[in-house]
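Below is one structure, written out as structure tokens, with a few remarks after it.
All chains are named by letter (A, B, ...) in the order of the sequence lines, taking the proteins before the strands, and each is independently numbered beginning at 1. Owing to the predicted nature of the structure, the values given are computational and were not obtained by experimental measurement.
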Protein chains: 2
Amino acid sequence: MKGKDEFAFEQPCPIRDILDRIGDQWSLLVLDALDGRTRRFNELLRDIGDISKQMLSKTLKRLEQDGFVRRTLYAQVPLRVEYALTDLGRSFLGPLQGLVCWADAHHKAIVLARRRYANGGDALADAVL
Amino acid sequence: MKGKDEFAFEQPCPIRDILDRIGDQWSLLVLDALDGRTRRFNELLRDIGDISKQMLSKTLKRLEQDGFVRRTLYAQVPLRVEYALTDLGRSFLGPLQGLVCWADAHHKAIVLARRRYANGGDALADAVL
DNA sequence: GTATTGTGGTCTTAAACGTGGACCATGTCC
DNA sequence: GGACATGGTCCACGTTTAAGACCACAATAC
């Protein structure tokens, strides 16, 4: 609720605006975990594994705020909250899948590039003199 | 060069691995800025606008390390460095464009959802009792 | 009866991260 | 001589994040 959120409504560039929200390391993961099935808070916590409660809470709140996720509270005895994708959220899975596929296909190339870089791959970087 | 980078090589899940790298608010923006044309450091700085030198430097370094970007140093008088996409980087633009299109198409819906949420849209959230 | 577990979160504290600005060496312009 | 431009790095500071304690409640275990 600091400055950033105040002006967020007037972001002129859509991709910037959206990246500011979902380009935060966890949102895509949460969206992916929610693909197809409804999940509860602690289920997500376990599914994702290395996200903290706080970050999951915050991430879900933002996704809900932006209309990607619907939060449903059941006033049962142990208290129960379910998270599910909205239509908007589901429609986002398309582009997201594109990314996931690309990641699968090119992961090896990246690991390779990384290793080459680590072994003084700068041979190329400093070349043109 | 702390712990994180040490273990990065053995990330079992490709999408996780890649998200850790390019899901950092700036990488996609830089990649997008590099689409089609070669750019110099300060050009990128100006194009993107609100990125700090440090983050641009760090982001470019990581993109280079992962093989998305090629850095070319010309030993001219005022010193000149050019950044360009590699084949790998270019191949990534496909899925990225998918995201950008989606962002353009659904931006309005998101702003709307956000506004609804701000105006006590919780009517739905607390409903099921 | 008392301790433990599980529910969905929030709060605290400390560490990690990002930012703006100063700074560097070099060369040109005014 | 002073300002600007080049490509960055470094520092101090403020924000963000993470791990874990904590809460209230109910069921289950002992």
Atom CG of A/L45 and atom P of C/dG8 are separated, to the nearest Å, by 10 Å
Closest-nucleotide mapping onto DNA chain C: is B/D24 or A/E43 further toward the 5' terminus? I mean the 5' end. A/E43
Atom CG of B/L60 to atom C1' of D/dG8: distance rounded to whole Å? 11 Å
Between C1' on C/dT19 and CE on B/M55, what's the gap in Å once rounded to a whole number? 10 Å
Which nucleotide in C/dT10, C/dT19, D/dT6 has an atom nearest any side-chain atom of B/R46: D/dT6
For B/R71 and B/Y83, test the side chains for any donor-to-acceptor distance below 3.5 angstrom and give the result as yes or no. yes
Is any side-chain N or O of A/R40 closer than 4.0 Å to OP1 or OP2 of C/dG8? yes
Considering only C/dG18, C/dG8, D/dG8, which nucleotide approaches the side chain of A/L79 most closely? C/dG8
Picking from C/dT19, D/dA19, D/dG7, the nucleotide nearest the side-chain atoms of B/N42 would be D/dG7
Anything under 30° is parallel, anything over 60° is perpendicular, the rest tilted; go ahead and classify B/W102 against A/F68. tilted
Please check the phosphate of D/dT9 (OP1 and OP2 only) for any side-chain N or O of B/K61 closer than 4.0 Å. yes
Proximal nucleotide (of D/dG8, D/dA19, C/dT7) relative to the B/S57 side chain: D/dG8
What is the distance from CZ of A/R39 to C1' of C/dT7, rounded to the nearest Å? 16 Å
Can you tell me how far CD1 of A/I51 sits from OG of A/S57, rounded to the nearest 0.5 angstrom? 9.5 Å
Between atom CG in B/L56 and atom P in C/dG18, what is the gap in whole Å? 13 Å
To the nearest angstrom, how far is A/L73 atom CG from C/dG8 atom C1'? 9 Å
Residue met sooner reading DNA chain D from 5', once A/W26 and B/P78 are mapped to nucleotides: B/P78
Here's a test of your reading of the structure: between B/K58 and A/K58, which maps to the more 5' nucleotide of DNA chain D? B/K58
Is a salt bridge present between B/R90 and B/D35, judged by a nitrogen-to-oxygen distance below 4.0 Å? no
Rounded distance in Å - CD (B/Q54) to C1' (D/dC10): 8 Å
How long is the line joining OH of A/Y83 and C1' of C/dT7, in whole Å? 12 Å
Is B/D17 salt-bridged to A/R114, cutoff N-O under 4.0 Å? yes
Looking only at the side chain of A/S52 (C-beta and beyond, no hydrogens), which of the listed nucleotides C/dG20, D/dA19, C/dG8 gets closest? D/dA19
Nucleotide nearest A/K53 (side chain, heavy atoms from C-beta), chosen from C/dA22, D/dA21, D/dA19: D/dA21
